[in-house]
Number of protein chains: 2
Amino acid sequence: MVDDDVTETRDGPLTARDRFDRIHADIRNRICLLEYPPGEKLSEVELAEEFGISRTPLRRVLARLEDEGLVTSVHGVGTMVTDIEMEELAQVYRLRKELVLLQTSLDVAPPDAVYLARVEALLARAEALKTAPSAKAFSTLDRDMFLTLLELTANTPLRTMSKRLYFRTARIWLQQVTASKIDLMQEIEVYAREVRDILEALKLGDLDAVGHMRRSHISLSFARMIK
Amino acid sequence: MVDDDVTETRDGPLTARDRFDRIHADIRNRICLLEYPPGEKLSEVELAEEFGISRTPLRRVLARLEDEGLVTSVHGVGTMVTDIEMEELAQVYRLRKELVLLQTSLDVAPPDAVYLARVEALLARAEALKTAPSAKAFSTLDRDMFLTLLELTANTPLRTMSKRLYFRTARIWLQQVTASKIDLMQEIEVYAREVRDILEALKLGDLDAVGHMRRSHISLSFARMIK
DNA sequence: ACGTCAGATGATGTGCACAACAGGCGGGTG
DNA sequence: CACCCGCCTGTTGTGCACATCATCTGACGT
């Protein structure tokens with residue numbers, strides 16, 4: 001599991017910002033893993049009780065999720081998990097196709113042995129999925145893979161924006177799988193092959209190849225999804 | 001003046017979201033125009049009084065500004081306008097250089113006569129600056145030019161991210177000018193020439209040329225800034 | 001039977017008082 | 001004189017009560 005952008009447990013007591021980031025990532029993961037499917041109504045009081053805080057700080061989390069396009073709040077109605085229009089989904093994918101090239105060409109930090117070992121571990125998880133297929137485990141793996149590859153660039157703004165775009169549409173693929181519109185086993189096969197190819201290119205230091213492989217994978221993945 | 005992302009005055013009464021966007025854009029402009037220079041302490045109570053609201057909704061605005069990297073809030077200390085590290089500034093510019101190419105190649109909407117007339121008006125403002133140089137007016141013109149050219153792409157996520165990046169660093173250039181590290185007249189001359197070239201390319205329908213001209217302008221502008 | 005409207009209900013948005021925290025000031029002490 | 005500790009002040013963070021809004025319900029009138 002990749003630590004994401006949540007600050008790890010530090011020595012001192014948890015500050016307000018730590019709680020905020022933790023709860024934000026938590027709810028975001030629930031949305032991306034479809035525990036809160038599109039249209040689900042999120043109750044501020046219930047979530048506040050669950051996290052042991054008041055509505056005030058929780059509303060700040062929901063406000064950020066709204067900025068990120070994951071929920072929408074309507075006065076007097078409620079806070080609902082957003083659905084994604086077909087056109088916007090296509091726009092996000094077209095943009096992500098371009099950004100992955102930048103992730104391996106802009107301010108790149110060459111991978112070291114430790115990094116390669118981490119990617120090998122991810123490959124092992126991909127291989128393991130073949131014998132024990134699980135849509136959620138696949139989704140989690142894809143997220144970790146994405147965050148790991150994002151470390152290749154040292155460009156902070158590029159990292160931030162790529163993350164936002166990724167989490168904006170990550171749940172759609174999972175939704176299509178659960179609706180049986182995508183063959184899970186086939187996707188896992190393709191994915192494992194892609195991870196293997198990426199690892200190979202990383203070992204050779206050919207980051208440009210990594211970018212173009214990811215680009216084509218995103219393109220094909222999108223094509224299979226809307227099929 | 002370009003309307004920006006603030007919803008215009010609609011028929012009904014102002015909703016909460018309208019107030020929020022209005023105040024957000026207002027404070028953001030003050031920061032970008034250096035009315036609140038880096039390091040300035042923003043008082044929540046004072047701002048709340050000025051806008052005639054309570055601290056609660058104002059804090060939501062400040063939270064968003066903090067997400068966008070324009071301010072930082074520290075518990076018990078205050079909310080200060082951020083300064084920009086040299087390294088981060090360079091990262092933003094490197095990324096923006098790539099994004100401007102996408103703005104004229106991804107989901108582009110060909111400009112019509114009305115659009116061309118608006119760019120002509122912008123060119124007129126640039127020419128007018130030659131006889132009445134003003135750093136703030138120049139800064140405002142650059143913002144309007146940026147937002148106008150951003151309309152060339154219909155890709156909403158690309159628009160959103162480009163905006164965030166632009167407003168993240170827009171004040172730095174103005175800061176360098178007021179510190180007399182940049183020659184204002186020379187910048188205005190260069191800028192007017194660039195707008196003229198862009199307008200020419202737009203009339204010819206050569207959007208690719210527009211992108212590359214903007215890219216080189218950003219590159220040169222950054223080089224002059226850090227000189 | 002059907003349309004209408006007042007009231008109930010539950011949600012988000014707002015205002016306000018207090019808690020938590022950091023920094024500055026000043027007196028006490030070795 | 002230097003250092004330390006406690007108080008004071010100003011700021012952000014939190015909890016809570018209320019305002020505002022949209023939706024549903026059901027009684028009423030036609």
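Every chain is numbered from 1, with letters handed out A, B, ... down the list of sequences. Note: hydrogens, waters and symmetry copies are ignored here, and every other heavy atom, side chains too, is used.
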Taking atom types as modelled, find out whether T104(A) and R215(A) have a side-chain donor-acceptor pair closer than 3.5 angstrom.
no
Using a distance-only test with no angle check, is there a side-chain donor-acceptor pair under 3.5 angstrom linking Q186(B) and R224(B)?
no
Rounded to the nearest Å, what distance is computed from the [atom1] atom of residue [X] to the [atom2] atom of nucleotide [N]?
X	N	atom1	atom2	value
E44(B)	dA20(C)	CD	C1'	14 Å
L58(A)	dG13(C)	CG	P	12 Å
M80(B)	dT11(D)	CE	P	12 Å
R60(B)	dT12(D)	CZ	C1'	19 Å

Could you check, using the six-membered ring where one of them is a Trp, whether W173(A) and Y93(A) have ring centers closer than 6.0 angstrom?
no
Nearest-nucleotide pick for H75(A), side chain only, options being dA22(C), dT12(C), dA20(C)
dT12(C)
Restricting to nitrogen or oxygen on both sides, can you table the protein-nucleotides 15-18 of chain D pairs closer than 3.5 Å?
unit_1  : atom_1 : unit_2 : atom_2 : d
dG15(D) : OP2    : S54(A) : N      : 2.6
dG15(D) : N7     : T56(A) : OG1    : 2.8
dC16(D) : N4     : T56(A) : OG1    : 3.2

Starting at the 5' end of DNA chain D and moving along, which residue's nearest nucleotide shows up first, G76(B) or A16(A)?
G76(B)
Can you check whether R19(B) has a side-chain N or O nearer than 4.0 Å to OP1 or OP2 of dT14(C)?
yes
What nucleic acid atoms does T79(A) come within less than 4.0 Å of, heavy atoms only: base, sugar-phosphate, or nothing?
sugar-phosphate
